[in-house]
Amino acid sequence: MSTSPFLSNCTADTIRSAAAALKAGHLVAFPTETVYGLGADARNPDAVKRIYQVKGRPADHPLIVHISSINEIDKWALDIPEYALKLAREFWPGAMTLILKKSEIAKDFVTGGQNTVGLRVPSHPVANALIAEFEKISNSAIAAPSANRFGQISPTCASDVSAEIGNFLSSTDIILDGGRSNIGIESTIIDCTNNVPRILRNGSITHEDVLRINNDLQSQLTKTEVKFSGSFERHYAPNCKVIVGRESIQGEGFLALNTIPTPQGMIRLGYPESDDEFARSLYSTFRLADSMHLKSLVVVEPIGPGIAKAIRERLSKASYPLESP
Ligand code: TXA
Ligand code: MG
């Protein structure tokens, strides 16, 4: 177990203290079902500024505001289209972030100066309890990016949070330890500012799920879906070189579904039995490769629809070359 001074277990009492810490302007890293978030009071400019400092993240990158339920949506967003409400009713609490036109209380310091706000209701019981408790005492919500340094791998357990950002936290900040994140990759982000939804980042809520809930929009949706290409092509990357394919490199790391045999001379780092397990363990496998000081990690990507698509998106970013060609 990590000896980080910030780590706290999750009881009703520690969650109440964490909510009070947020109210006092401190940072609280907390578990969600996707990855761990680094939270601050979404209405406190100084607290939000500290998130950017701890992450080393440029100030024009917007944060997701985490709310306790769909009932809070009107507080943070305006002109919400019916299709967005349908998605929220179906998939919240869950691994879906909606980008909506922002209301007056969603300030530029949270939205990176955009006129939109990202909203999510996580389903992890600790996240839920923390957000609900914080809303009760503050009339605010929790702004939180993934709890990693900018461009690095999102943490999926509390000790990974501590390894990522422990050196940048203050003694009054807290890391709530709620075990391992069950999904393991970040939420699906859906732009809801036009007449049809558009997926900006793939996740466990899939294109097919969005279509199912809004089948009246089917023809337009298929046409307008575009893959998010953020301002930084390389992201979610370990220090070792991620190679997507079936190369065989002596003494280097290998990750594939358990049905695929290990090439001779390679070090097998995982045997995920399903796409869900692949997603759940992907980032911890990246961290394992780095802790073993491997130079390369060869990954055979899962080929299916659904979450496999989100895994492929992460792998394409993780394998993007460091230097421009
Ligand atoms: O699963 C998740 O989404 C996790 C957990 C903690 O909720 N959070 C997360 O946050 O992954 P972050 O900041 O690491 O990634 C959020 C992405 C960023 O690429 C950001 O640019 C985009 O969401 N985003 C947030 N608000 C936005 C907005 N108003 N417009 C466009 N993109 C937005
Ligand atoms: Mg992130």
Side-chain angles (χ1 to χ4, degrees), residues 27-40 42 48 51-52 54-67 76-78 84 91-103 106-124 126-128 130-131 141-156 158 160-161 164-165 175-176 178 181-194 198-205 226-237 279-280 283 307 310 313-314 317-318:
L27 301 185
V28 175
F30 60 98
T32 86
E33 71 280 19
T34 57
V35 299
Y36 273 65
L38 177 62
V48 170
I51 291 183
Y52 286 87
V54 168
K55 273 188 73 87
R57 177 176 181 152
D60 60 351
H61 276 233
L63 302 178
I64 296 171
V65 174
H66 295 73
I67 54 179
W76 293 90
L78 298 174
F91 297 119
W92 279 351
M96 178 184 73
T97 298
L98 300 181
I99 307 296
L100 297 159
K101 191 167 154 194
K102 73 177 181 183
S103 75
K107 300 290 187 203
D108 283 352
F109 62 81
V110 165
T111 66
Q114 317 224 27
N115 60 2
T116 56
V117 63
L119 295 180
R120 177 159 108 84
V121 178
S123 67
H124 193 293
V126 171
N128 241 278
L130 178 68
I131 299 163
I142 304 181
S146 51
N148 50 283
R149 295 280 289 166
F150 182 63
Q152 301 296 310
I153 310 161
S154 300
T156 52
D160 288 350
V161 175
E164 271 286 322
I165 58 168
I175 301 173
L176 285 174
S181 295
N182 192 41
I183 294 175
I185 57 176
E186 305 80 357
S187 62
T188 306
I189 300 182
I190 307 176
D191 177 2
C192 298
T193 58
N194 295 298
R198 196 166 57 116
I199 295 182
L200 301 181
R201 180 174 72 184
N202 288 300
S204 63
I205 308 289
V226 283
K227 209 164 107 172
F228 185 50
S229 64
S231 41
F232 294 88
E233 293 293 352
R234 186 179 161 85
H235 205 147
Y236 315 112
R280 192 177 305 129
Y283 291 154
I307 200 166
E313 183 181 278
R314 303 309 188 277
K317 294 230 168 203

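Read the numbers this way: they start at 1 and go in the same order the structure lists the ligands and their atoms.
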Look at the N, O or S atoms of Asn148, main chain and side chain alike, and state whether any lies under 2.8 Å from the Mg ion (ligand 2).
no

Once the angle between the rings of Tyr283 and Tyr236 is folded into 0 to 90°, is it parallel (under 30°), tilted (30 to 60°) or perpendicular (over 60°)?
parallel

Is [X] in polar range of ligand 1, meaning some N or O pair under 3.5 Å apart?
X	result
Arg201	yes
Thr34	yes
His61	no
Glu186	no
Thr32	no
Ser187	yes

In short, Ile185 meets Ala310 closest at the heavy-atom pair CD1-CB, 3.5 Å

Minimal heavy-atom distance between Ala237 and Ala318, with the atoms involved, is CB-O, 3.7 Å

Note to self: I'd like to check Leu176 versus Pro31 (side-chain heavy atoms, cut-off strictly below 4.5 Å). Are they in contact?
What the structure shows: yes

- prompt: Looking at side-chain heavy atoms only, is the closest gap between Thr32 and Arg120 below 4.5 Å?
  reply: yes

Ranking Ala106, Gly203, Pro62 by closest non-hydrogen atom to atom 24 (N) of ligand 1, top hit is Pro62

Checking heavy-atom distances from atom 29 (N) of ligand 1 to each of Thr116, Leu100, Asn148, the winner is Thr116

task: Evaluate the criterion side-chain contact (heavy atoms from CB on, under 4.5 Å) for residue pair Arg201 and Ser187; output intermediate values, then yes/no.
output: CA-CA 8 Å; Arg201 180 174 72 184; Ser187 62; 3.3 Å; yes

Which ligand 1 atoms, with their elements, are less than 4.0 angstrom from a heavy-atom of [X]?
X	value
His66	5 (C), 6 (C), 7 (O)
Pro145	10 (O), 12 (P), 13 (O)
Gly37	6 (C)

Quick look: Arg57 vs ligand 1, heavy-atom contacts under 4.0 Å, and the answer is side chain

Show, in sequence, the C-alpha distance, side-chain angles and deciding distance for Tyr36 and Asp160, and conclude whether the side-chain contact (heavy atoms from CB on, under 4.5 Å) test is met. CA-CA 9 Å; Tyr36 273 65; Asp160 288 350; over 6 Å; no

Tell me whether Ile189 reaches ligand 1 (any heavy atom closer than 4.0 angstrom to a ligand atom).
yes

Contact between ligand 1 and Lys102 is defined here as a heavy atom of the residue under 4.0 Å from a ligand atom; is it met? no

**Request:** List the steps and the verdict of side-chain contact (heavy atoms from CB on, under 4.5 Å) for Asn148 and Lys55.
**Result:** CA-CA 6 Å; Asn148 50 283; Lys55 273 188 73 87; 3.7 Å; yes

The reported gap from CD1 in Ile205 to CD1 in Ile307 (rounded to nearest 0.5 angstrom) is 9.5 Å

Result for side chain to side chain donor-acceptor pair (under 3.5 Å) between Glu186 and one of Ser154, Ser204, Ser181 points to Ser154

